[in-house]
Amino acid sequence: MEKRVKEYIDEYFSRMNNLIQEIPKGKIEEVIETLYSAWEKDAQVFIMGNGGSASTASHFVCDLAKGTIVKDKKRLKVTSLVDNVPLISSWTNDSGFGSIFIEQLRPWLKKGDILIGVSVHGGSGKGEAGPWSQNLVKAMSLAKERKAKIIGFSGFDGGAMKEMADICITIPINSEPLGTPLVESFHVVLHHLVCSSLKQKIENS
């Protein structure tokens, strides 16, 4: 038993190390530049995700809102679409789970704003309730309609998010059981990198 656990740990870290080499650094730079442009133009940033990716979205909002503050400079406008449980449950009850993000966005999203989606599979695959993450797909469709920019953080083959986003960082992994935890781990690593780099860029502006 102890040997199997050690082998699992070794494999996890080995695959993390290999994935680091495969993540496209140019796209990370594009994400930072896009968010910096939003800060310059006073555009609004919205972030969404489901399950573990919802917690990453919430964390990402926290760090973008507070972790990028530079004294005597304006702040980035960022909003979470995952944290208002009464509103989410109300939309789910009345219009289905697929409505929870798009309906929150309708009064606010405009041209030049940014919609960030975090998703392990990016809207590909399906489970007992049908296709995964169709609430993300609907929200991205509204963003495209209103000419807002879409940033995606996905994994596996990227799914619909890779096709719809203006920039999509996809963690290139294709197997379980390590796939999902590794994708989610790297999404947190990337959001910390983006936030710290963005703060540095604002400081130097």
Side-chain angles (χ1 to χ4, degrees), residues 23-24 27-28 30-35 37-38 43-65 76-84 87-88 91-92 96-106 108-127 129-173 179-180 183-195 198:
I23 295 173
K27 289 194 174 182
I28 301 172
E30 282 186 67
V31 169
I32 295 164
E33 291 295 337
T34 300
L35 289 171
S37 177
Q44 179 79 30
V45 179
F46 301 91
I47 308 185
M48 60 182 179
N50 293 307
S53 296
S55 69
T56 301
S58 186
H59 190 174
F60 202 170
V61 168
C62 172
D63 290 350
L64 279 175
L76 184 67
K77 297 175 180 177
V78 56
T79 299
S80 168
L81 300 177
V82 304
D83 290 307
N84 190 326
L87 183 58
I88 288 171
W91 277 116
T92 300
F97 192 63
S99 71
I100 64 170
F101 299 135
I102 188 172
E103 295 301 340
Q104 288 186 75
L105 287 170
R106 285 193 194 279
W108 304 106
L109 189 68
K110 62 185 185 302
K111 182 178 180 180
D113 285 343
I114 297 175
L115 177 63
I116 298 177
V118 185
S119 174
V120 170
H121 291 273
S124 63
K126 62 181 180 179
W132 290 332
S133 301
Q134 293 307 292
N135 50 13
L136 302 180
V137 173
K138 288 183 178 181
M140 289 189 292
S141 295
L142 180 68
K144 294 186 85 64
E145 178 186 316
R146 296 194 180 177
K147 301 189 185 319
K149 285 195 171 287
I150 303 169
I151 295 173
F153 291 85
S154 190
F156 290 84
D157 66 359
M161 185 172 285
K162 186 175 181 180
E163 296 175 11
M164 298 178 75
D166 297 285
I167 311 163
C168 187
I169 301 175
T170 303
I171 309 304
I173 195 165
T180 293
V183 171
E184 291 187 346
S185 295
F186 271 103
H187 285 169
V188 175
V189 169
L190 288 170
H191 107 239
H192 281 139
L193 172 57
V194 166
C195 290
L198 181 60

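A pairwise comparison of heavy atoms in Phe101 and Ala139 identifies CB-CB, 3.9 Å as the closest pair. For Val120 against Ser53, the heavy-atom pair with the smallest separation is N-OG, 3.9 Å. Nearest heavy-atom pair across Ala160 and Val137 is CB-CG2, 4.0 Å. Taking all atoms of both residues into account, the shortest heavy-atom contact from Ala57 to Val82 is CB-CG1, 4.3 Å. When all heavy atoms of Phe46 and Leu105 are compared, the pair lying nearest together is CG-CD2, 3.6 Å. Scanning all heavy atoms of the two residues, the minimum distance from Ala165 to Gly152 falls at CB-N, 4.0 Å.
Between Val118 and Met48 there is no side-chain heavy-atom pair separated by less than 4.5 Å. At least one side-chain heavy atom of Cys168 sits less than 4.5 Å from a side-chain heavy atom of Lys162. Here the side chains of Ile114 and Ile151 are in contact, with some heavy-atom distance below 4.5 Å. Counting only heavy atoms from C-beta outward, the side chains of Asp63 and His192 approach each other to under 4.5 Å. Considering only heavy atoms from C-beta on, Thr79 stays 4.5 Å or farther from Ile47 through its side chain. The shortest side-chain heavy-atom distance between His187 and Ile171 falls under the 4.5 Å cut-off. Annotation: side chain of Glu145 is in contact with side chain of Leu142 (closest heavy-atom distance under 4.5 Å). Looking at heavy atoms from C-beta onward, Thr170 lies out of side-chain contact with Asp157 at the 4.5 angstrom threshold.
Here the straight-line distance linking atom CD1 of Ile116 with atom CG of Leu64 works out to 6.0 Å at 0.5 Å rounding. Annotation: the span from Cys195 atom SG to Leu35 atom CG amounts to 8.0 Å, rounded to 0.5 Å. Put simply, CD1 on Ile150 and CG on Asp113 are 12.0 Å apart, with the number rounded to the nearest 0.5 Å. Between the CD atom in Glu163 and the OG atom in Ser154 there is a gap of 10.5 Å [rounded to 0.5 Å]. We find the CG-CD1 distance between Leu136 and Ile100 to be 8.0 Å, quoted to the nearest 0.5 Å.
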Run the side-chain contact (heavy atoms from CB on, under 4.5 Å) check on Phe97 and Asn50 step by step: do they pass?
CA-CA 11 Å; Phe97 192 63; Asn50 293 307; 3.5 Å; yes
Stepwise side-chain contact (heavy atoms from CB on, under 4.5 Å) test for Leu193 and Ile28
CA-CA 9 Å; Leu193 172 57; Ile28 301 172; 3.9 Å; yes
Is there a side-chain contact (heavy atoms from CB on, under 4.5 Å) between Lys77 and Val45? Walk through the geometry before answering.
CA-CA 6 Å; Lys77 297 175 180 177; Val45 179; over 6 Å; no
Assess whether side-chain contact (heavy atoms from CB on, under 4.5 Å) is satisfied between Lys149 and Thr34, documenting all intermediate values.
CA-CA 9 Å; Lys149 285 195 171 287; Thr34 300; 3.9 Å; yes
May I have the step-by-step check of ring-ring contact (aromatic ring centres under 6.0 Å, His included) for Phe60 and Phe153, ending in yes or no?
CA-CA 12 Å; Phe60 202 170; Phe153 291 85; 5.7 Å; yes
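In this structure, Lys110 places its NZ atom where more than 12 heavy-atom neighbours from other residues, nucleotides or ligands lie under 6.0 Å away.
For the pair Arg146 (side chain) and Leu109 (backbone), a donor-acceptor distance under 3.5 Å is present. Although no hydrogens or angles enter the test, the distance criterion places a donor-acceptor pair under 3.5 Å between the side chain of Ser99 and the main chain of Trp91. Formation of a donor-acceptor pair under 3.5 Å by the Thr92 side chain with backbone atoms of Ile88 is found in this model. Under the 3.5 Å distance criterion, the side-chain polar atoms of Lys144 are matched with a main-chain donor or acceptor of Met164. Proximity of a side-chain donor or acceptor of Ser58 to a complementary backbone N or O of Ala54 within less than 3.5 Å is not detected.
Taking Glu184 as the reference, nothing meets the salt bridge (charged side-chain N to carboxylate O under 4.0 Å, His left out) condition, with sequence neighbours excluded. Under the rule for a salt bridge (charged side-chain N to carboxylate O under 4.0 Å, His left out), the partners of Arg106 that lie at least two apart in sequence or sit in another chain are Glu103.
Judged purely by distance below 3.5 Å, without hydrogens or angles, the side chains of Ser80 and Asp83 pair a donor atom with an acceptor atom.
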